[in-house]
Amino acid sequence: MIIIKNPALTQSGTATSETDWNIEQKTGEHPIIFYRKIFYLRFLLNNNPDKIAINKDSTELQGAFAPLEYNSAAPGAEAGITPYADSFIVDLKTAPGYLSKININNANVSQVEIYRVDGNLLMSAPTLAINNNTTISEEFIAARFAIKAKKSNGDQIQFTKDEIQAINIISYPTGPRIGLADPAKPEKAIFFWQESGLIKAENISSTFNYNASIAFAEALQLYLDRYFEKNNTNNQQHIDIALIVESNAQCNFSLSLFAVPYSPALTSFHLPDGQKSDKIVLRFARDKIEAHNINIKVPPDFTEAEVSLEPSFSNNPHLLTEKDLPCNENAINQGVYLNNFHWAALPVQPEKAGILQGIYLYLLSLNLKTEIILELQEDWQGEPSGKILQTCQIAIEQTGKKEFVLFRFVQAFLLNPGSYWILAKTSSGTAIWLARQGKGRVKFFIQKQNSLQKESFNSLTDTQPVYNLIFKHQKNHFSSLQLSINGTIIHPESDDKNKYNLKNSITQYLNSKPGDNTLVSVPLTFTGTGPGLVTVYAPLIK
């Protein structure tokens with residue numbers, strides 16, 4: 001929450017005491033004179049945020065401007081009182097004021113006459129005659145005027161300047177305005193709320209109410225956004241903003257509601273070299289499943305924060321869900337050996353018809369630039385028939401890495417329910433077709449004169465190589481990108497398939513780590529396959 005200094009407010013941003021202030025600090029010189037009060041808003045920064053997010057719905061700035069009555073004859077007052085003949089000329093040295101009361105501390109003074117003046121020339125007759133030390137009921141407005149005193153019998157009486165105890169003036173808010181500024185440059189305030197003219201009600205004690213909450217919240221957010229754009233806030237403890245209250249005439253300013261809930265927020269990726277980025281582009285360039293890791297920096301007290309992330313897709317990359325990637329595949333440590341001498345054949349039986357686009361195999365290359373050939377054949381009496389329905393060849397550049405490799409067919413085709421065989425071998429190098437233990441029925445065949453030898457020389461009945469048939473418009477394949485933190489899948493929000501709320505997943509991750517008072521790096525993994533791009537815009541963490 002906000003801390004405001006002068007006036008005294010709590011850290012929650014709510015006024016507690018002394019919520020009325022006089023706007024009487026004179027600024028400028030004649031003929032341009034106005035009055036100003038400056039408050040200082042302090043926004044505390046934690047964990048090097050790159051944004052302050054204002055809660056606009058809960059921000060409040062409501063109160064009132066009211067007339068201010070002051071004694072222009074009091075010691076230290078700026079008004080000038082000078083003797084002239086048998087009178088005193090009063091120069092308020094401000095905008096014209098409303099005369100409220102005059103008190104001459106002389107027992108013989110019963111009545112006070114008020115004259116308008118032109119230079120030092122008094123009008124021939126008084127404009128107003130009032131009883132001494134009595135509130136004036138008639139309206140008299142002037143910046144300069146003269147006063148004379150009379151006895152009760154009407155005779156004029158001489159009095160001294162020291163006997164003038166009070167010349168009370170009522171000053172109404174005139175052009176009141178509220179703005180924000182750099183504390184070092186209050187004269188360059190940008191005002192978000194203002195009212196033109198003199199604010200005077202029929203009742204002299206009434207106030208002019210204002211509600212500047214919405215304008216205040218928007219102006220604060222704009223000021224802070226520009227501040228972060230222009231300044232490096234690394235290791236900065238706080239940001240101070242001057243809240244400027246001004247009026248062309250002296251007045252009273254009071255707060256009835258004041259609150260500025262805010263959150264230090266992270267809106268960019270913190271890169272390893274210390275730089276920040278507002279987005280990161282992930283390139284899925286090959287026909288195999290790839291995983292990209294992005295580190296998100298979050299504060300240690302993240303449990304009270306929210307974080308949302310929204311990726312953007314282009315070039316139609318393949319977007320995977322957890323159904324596409326069997327869980328815990330990295331734990332697999334067995335498989336079927338592939339070389340260029342014989343085929344490994346696995347029977348498959350799709351239950352529904354569909355447009356087949358390709359097949360994933362879970363592979364481990366044992367040589368650099370291993371080339372693998374895949375064929376899909378019809379079944380004949382429990383063995384590959386030799387009739388090739390589709391074929392594809394893929395080169396694996398890396399060695400020693402388990403990965404899902406997509407064999408994408410040049411042209412998709414209709415595959416009806418039935419029995420088929422997936423066959424794989426290498427044309428160069430060697431590889432492992434990774435497998436689980438299960439009710440598999442892998443056979444091995446020798447290639448001979450462009451056909452398969454009918455008799456198998458080996459068969460495995462307890463091995464199930466990992467594969468996945470990819471059909472066009474398969475919902476569990478194209479519905480969303482797979483995101484995970486430390487192996488935990490993150491699902492998109494139900495109302496927006498491309499938007500993710502990461503709070504629960506990050507909280508779970510942080511709970512497994514020792515406490516830290518600095519920003520914590522959380523690894524976010526994006527899994528998919530190309531060709532295509534995924535643009536990940538920086539998350540908002542607040």
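All values derive from a computational prediction rather than experimental measurement. Position 1 is the first residue of the sequence; numbering continues from there.
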**Message:** To check you understand the geometry: which heavy-atom pair defines the closest contact between Ala77 and Ser72, and what is its length?
**Reply:** CB-O, 3.3 Å

**Request:** Kindly state each residue pair satisfying salt bridge (charged side-chain N to carboxylate O under 4.0 Å, His left out) with at least one member in residues 217-234, sequence neighbours excluded.
**Result:** Lys51-Asp225

**Message:** Testing the basics here: between Phe228 and Pro49, what is the closest heavy-atom pair and its distance to 0.1 Å?
**Reply:** CE2-O, 3.5 Å

**Message:** As a quick check of understanding, evaluate side chain to side chain contact (heavy atoms under 4.5 Å, CB included) for Tyr360 and Ile470, giving each step before the final call.
**Reply:** CA-CA 7 Å; Tyr360 277 116; Ile470 301 301; 3.5 Å; yes

**Message:** Please verify the inter-ring angle class for Tyr262 with Phe43; under 30° counts as parallel, over 60° as perpendicular, anything in between as tilted.
**Reply:** perpendicular

**Complete:** Value for OG (Ser171) from CG (Asn248), rounded to nearest 0.5 Å, stands at 10.0 Å

**Message:** Using modelled atom types and a 3.5 Å cut-off, is there a donor and acceptor pairing between side-chain atoms of Asp91 and backbone atoms of Lys93?
**Reply:** yes

**Prompt:** Distance-only, no hydrogens or angles: does the His292 side chain make a donor-acceptor pair with backbone N or O of Arg283 under 3.5 Å?
**Reply:** yes

**Request:** Return the set of residues passing side chain to side chain contact (heavy atoms under 4.5 Å, CB included) with Ala73 (not counting sequence neighbours), or none when no residue passes.
**Result:** Asn71, Ile81, Ile164, Ile167

**Heavy-atom side-chain contact between Leu524 and Asn293 under 4.5 Å** = no

**Fill in**
Closest heavy-atom pair, Ile147 versus Ser87, reported as atoms and distance to 0.1 Å, is O-CB, 3.3 Å

**Asked** Between Phe216 and Phe192, does the ring centre distance come in under 6.0 Å?
**Response** yes

**Prompt:** With a 4.5 Å heavy-atom cut-off, do Leu99 and Ile114 have their side chains touching?
**Reply:** yes

**Message:** Quick check: do Asn231 and Ile239 have side-chain heavy atoms less than 4.5 Å from each other?
**Reply:** no

**Item:** Steps toward side-chain hydrogen bond (donor to acceptor under 3.5 Å, both in side chains) verdict (Gln165, Asn103)
**Value:** CA-CA 6 Å; Gln165 294 295 300; Asn103 179 18; 5.8 Å; no

**Prompt:** Passes side chain to side chain contact (heavy atoms under 4.5 Å, CB included), Ile294 versus Thr525? Steps please.
**Reply:** CA-CA 6 Å; Ile294 296 176; Thr525 302; over 6 Å; no

**Asked** Just by distance, do the side chain of Arg42 and the backbone of Tyr40 share a donor-acceptor pair under 3.5 Å?
**Response** no

**Message:** Just verifying a value: how many Å separate Leu243 CG and Lys37 NZ, rounded to the nearest 0.5 Å?
**Reply:** 11.5 Å

**Message:** Taking side chain to side chain contact (heavy atoms under 4.5 Å, CB included) as the definition, give me every residue that meets it alongside Asn486, ordered by chain and number, with sequence neighbours left out.
**Reply:** Tyr509

**Request:** Determine whether Ile136 and Leu128 make a side-chain contact, defined as any pair of heavy atoms from C-beta on separated by less than 4.5 Å.
**Result:** yes

**Request:** List the steps, then state whether ring pair (Phe, Tyr, Trp, His ring centres under 6.0 Å) holds for Phe208 with Phe253.
**Result:** CA-CA 10 Å; Phe208 174 69; Phe253 168 74; over 10 Å; no

**Prompt:** Would you say the side chain of Asp182 lies within less than 4.5 Å of the side chain of Ile241, judging by non-hydrogen atoms?
**Reply:** no

**Item:** Test item: Lys148 and Leu122 side chains (from C-beta on) under 4.5 Å apart, heavy atoms
**Value:** yes

**Asked** Do Leu255 and Leu61 have side-chain heavy atoms sitting under 4.5 Å apart?
**Response** yes

**Prompt:** Atom OG1 in Thr94, atom OH in Tyr70: separation rounded to 0.5 Å?
**Reply:** 4.0 Å

**Message:** Under a 3.5 Å distance rule, please check whether Tyr84 uses its side chain to pair with a backbone N or O of Asn120 as donor and acceptor.
**Reply:** yes

**Asked** Ser247 and Ala249: which non-hydrogen atoms are nearest, and at how many Å?
**Response** OG-O, 2.6 Å

**Prompt:** How far does CG of Asn55 sit from CD of Gln221, to the nearest 0.5 angstrom?
**Reply:** 10.0 Å

**Message:** For Leu502 and Ile490: C-alpha separation, side-chain torsions, deciding distance, then whether side chain to side chain contact (heavy atoms under 4.5 Å, CB included) applies.
**Reply:** CA-CA 7 Å; Leu502 309 182; Ile490 303 170; 3.7 Å; yes

**Asked** For atom CD1 of Ile214, is the number of surrounding heavy atoms from other residues, nucleotides or ligands below 6.0 Å larger than 12?
**Response** no

**Item:** Value rounded to 0.5 Å, distance of OG1 in Thr527 from CG in Leu282
**Value:** 10.0 Å

**Request:** State whether the number of non-hydrogen atoms from other residues, nucleotides or ligands found under 6.0 Å of Ile190 atom CD1 is greater than 12.
**Result:** no

**Prompt:** So Phe65 and Tyr210, would you call those rings parallel, tilted or perpendicular, with 30° and 60° as cut-offs?
**Reply:** tilted

**Item:** Under 3.5 Å: donor-acceptor pair, side chain of Arg36, backbone of Ile244
**Value:** no

**Message:** For a 4.5 angstrom cut-off between non-hydrogen side-chain atoms, does Ile506 reach Gln508?
**Reply:** no

**Asked** What heavy-atom pair brings Gly97 and Leu92 nearest, and what distance separates the two atoms?
**Response** N-CD1, 3.8 Å

**Prompt:** Quick one: CH2 on Trp193 to CD1 on Ile178, what's the gap to the nearest 0.5 Å?
**Reply:** 5.5 Å

**Prompt:** For Glu163, which residues count as a side chain to side chain contact (heavy atoms under 4.5 Å, CB included) partner, sequence neighbours excluded?
**Reply:** Ile104, Asn106, Phe159, Thr160

**Prompt:** Residues in salt bridge (Lys or Arg N to Asp or Glu O under 4.0 Å) with Glu113, at least two apart?
**Reply:** Lys150

**Message:** If you compare all heavy atoms of Ile485 against all heavy atoms of Ser505, which two are closest, and at what distance to 0.1 Å?
**Reply:** CD1-CB, 4.0 Å

**Request:** State whether the number of non-hydrogen atoms from other residues, nucleotides or ligands found under 6.0 Å of Glu187 atom CD is greater than 12.
**Result:** yes

**Message:** For Tyr115 together with Phe145, are the ring centres under 6.0 Å from each other?
**Reply:** no

**Request:** Given side chain to side chain contact (heavy atoms under 4.5 Å, CB included), test Val520 with Leu510 step by step and report yes or no.
**Result:** CA-CA 8 Å; Val520 181; Leu510 294 179; 3.5 Å; yes

**Message:** Could you work out, with side chain to side chain contact (heavy atoms under 4.5 Å, CB included) as the rule, every residue matching Ser213, not counting sequence neighbours?
**Reply:** Glu60, Gln62, Asn211

